[in-house]
Asker: 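Sharing a structure below in structure tokens format, with a few things to ask.
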Amino acid sequence: MIAEAGLAALWLAAALSLLQMVLGWAAVRPGNEALLRFVRPVAVAQGALAAVSFLVLIWLFLRTDLSVKLVVANSHSDKPFLYKFAGAWGNHEGSMLLWVTVLAVAGGLVALLERRLRRDTLVGTLAAQATIALGFYAFLLFASNPFERVSPAPLDGQGLNPLLQDPGLAFHPPTLYFGYVGISVAFSFAVGALITRDVGRDFARAMRPWILGAWIFLTLGITAGSYWAYYELGWGGWWFWDPVENASLMPWLAATALLHSVTVLATRDALRAWTVMLAVVAFSMSMIGTFLVRSGILTSVHAFAVDPKRGSFILILLALYIGGALALFAARVGTVKEGSTFRIVSREGALVLNNLLLTIILCLVMLGTLYPLVTEAMGSKISVGPPWFNPVTAPFALVLVTFMGAGPLLKWRKDDAGALLRRVALPLLLSAATALAIVIFAPGTRILPLLGLSLAPAVALMSLMPLLNRNLRRTPLIIWGMVAAHLGIAVSLAGMASESAFTKEVLIAARPGESAEVGPFTIRFDAVEPTAGQNWTAIQGRLTAQRGDGAEIPMLPEARMFSDPPTPTSEAAIETRWDGQLYAVIGEPDGQGRWQLRLWWKPWVTLIWFGGALVALGGLLSLVGRVLRDRRVRREAPEPYADEAVAADPRGRPGREALA
Amino acid sequence: VKRWILWVPFAVFSLIGIVAAWNLVRPADRLIPSQLVGKPLPAFSLPEAMPGRPTIQRADYGTGQPRMLNVFASWCVPCIAEAPQLMELARRGIPIDAVAIRDRPEDVARFLDQWGDPYRNIALDADAGLQLSIGSSGVPETYIVDGRGTIRYQHIGAINATDMPRIVEEFEKAKG
């Protein structure tokens, strides 16, 4: 009965989303204002029902209910508790249910919390959110029912893909989904605002916390995913330009651009059309990301089952939503007047440049990801990888990072280029000195890592400069957030450049007793032993690493074989030192008593993920700062949602002046 | 802002949609054709696969007569499935050479004893070097090389009974 209850909740939620959509679109038409107040409760109820449905699925997985097909296919009674829990979304149906649940709950929260937007714009937003949700409910109910029964029930389940049996990965997909789907709120705000022609500062302020929230999750998800690929796949790399990685990077790039343009809109009432377009594009990228992963049209290490029927279903939904929103944009945005103007050398100018560069990088990543599909359609097969992506995107990224450091040092509206140069003279000198030092002490460093290494300290310094001459205790959290996020990018850049410039790699076939040198370490291969866990057996290599005469560090890389389903995986042994990581992988025996060992010394590689975490922390600080400021403003101002209050607002219905 | 610019995002995403749809509708084709079809067979030098049996040499190709080159291995199950078809081709007088990939002489001998021996010359490609250099991504694969030493046709996977007319036709064309 439990599964049927979950299915019933899902059907009810779908019905409510239909109601919410019809009511919402009807209510925004002139003359139907009476309907406006019915939409909010429906949105809240819809979110609650979707959440119930997802909780039921988790419950089924925790009980290992073997009468449910999805549990049989993805779980096993011997599996550790954490992975039974994570098994609920480690598969196609479950992850789509999570996707739509996040969408519905986000819609419900908008309905509950948003108090600033004009009511008809808010209802338009909720109607758009319901329209998206309805399509994905239909997809679940007609093409991917997670609650389908199986009869007779088998004796045990088939297990979960061992690559996914990892604590980091258990929470990686939900994190990314919060990010992907959180952006849907920005999309819906944009559609709502286009419908009511209400693009202005209030629209930007209402949208901003949602973008920030989604962006934090995307940043965390990408950082965690990169670290997962690094230690779990055993290839020693931290970013592979795999289509699925790109699918998470593209929404992040669009969301980062949106985050900055929405600030210009909220502060200076400029970039209206551009911001609306970015909001639509950011969520479009998220949906395309989901589609690429789910349809299997791109081959990838992350690909789930290939299923053309489901692929076509999602593709039709995408065409409707993205096409509809962009057509609405093209038809309507011309009637939204452009906001204020500004000089090129100004904070706005720097933010526009930021948007431009982020958009160029986004287009390049999109081109590289989709190009194999295009050429395949024309009959030749190619694959686009790091040799293309790195040199093509890096120059733009380096320019972007430089201006990221300089931008916050500019004044709004107009500033003086000479004054800016004086402000950044010290960082520029630091950069030149670093470059010189690298050329002297590490000759032969390639150009991109060299540029990255010499820019990173300068950008870090510039990122901290907005704190100069400020009373630090009175500095708003928003400023701290920006400083932390920008500093995080500089830290991450230093890690990437150092990894790329200074990594030492050794690949040997060694007998127990032999030693190898990697960077400053001597690594002795002591023995090979069998070992076992709850649902796997493994060959474990015993290595001892030593730096000079320092302490001996034991390292235990494993080649594992999971039992259900039988799958080999490689567990790297990773030793973190303060100045980098030692990374060891054990491979195949050669049949003559020797084992393949792959050893890396990666100086400062951990900075990549520290930087990512710092960026996310910066986002969190900004979000908290914004929410606190909003609450303070609301306490001082009257509640605008007594219906008459809007008309009585002394500013006279903000956004009205946006009409042509 | 010019009005048509506003439609650019719509156009870009429509293109993406069309490409994605095309890739969905078309049956998935995970075969990787060799880039060398139409190009001359590269040079190579390989040892014999079993004692007393001549190895293949680059000089055997381009003597005016087309030949077939079968990429196989004794450990490869689909290679057993195509053995009767290869025997039939050999019976019709088509010269077939073979490269045994990552194999051992005694295993090759046992395989040929058990499943038939349609081959003229056999080489041992212990580290799959020749296989990679002719753009083959798996076993079995069969190449038709014409009388001037140019690769004319590549068949990926086992040759089934239904593939036979095509193979014979391609071989006749290679005589051309």
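Keep in mind that the numbers below use all heavy atoms, side chains included, and drop hydrogens, waters and symmetry copies. Since we're looking at a predicted model, the values are computed, not measured. Lettering of chains follows the sequences in order, A, B, ..., and the numbering in each one begins at 1.
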Asker: My understanding is that only residues two or more places apart in sequence, or in another chain, count here; which of them pass salt bridge (charged side-chain N to carboxylate O under 4.0 Å, His left out) with A:Arg598?
Answerer: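 So A:Arg598 forms a salt bridge (charged side-chain N to carboxylate O under 4.0 Å, His left out) with A:Glu505.
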Asker: What pairs of residues pass the side-chain hydrogen bond (donor to acceptor under 3.5 Å, both in side chains) test when at least one of them lies in residues 100-112 of chain B, not counting sequence neighbours?
Answerer: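 Only B:Ser74-B:Asp103, B:Arg104-B:Asp107, B:Asp107-B:Arg110 qualify under side-chain hydrogen bond (donor to acceptor under 3.5 Å, both in side chains).
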Asker: Using 30° and 60° as the class limits, which term best fits the ring planes of A:Trp99 and A:Phe136: parallel, tilted or perpendicular?
Answerer: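 A:Trp99 vs A:Phe136 ring planes: tilted.
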Asker: Which atoms of B:Val12 are under 4.5 Å from chain A, going by heavy atoms: the side chain, the backbone, both sets, or neither?
Answerer: side chain
Asker: Picking from A:Leu315, A:Leu318, A:Val280, which has the most non-hydrogen pairs under 4.5 angstrom with chain B?
Answerer: A:Leu315
Asker: Any side-chain heavy atom of B:Glu48 within less than 4.5 Å of one from B:Arg53?
Answerer: no
Asker: Check each atom of A:Ala327 against the heavy atoms of chain B and say whether the ones under 4.5 Å are side chain, backbone, both or neither.
Answerer: both
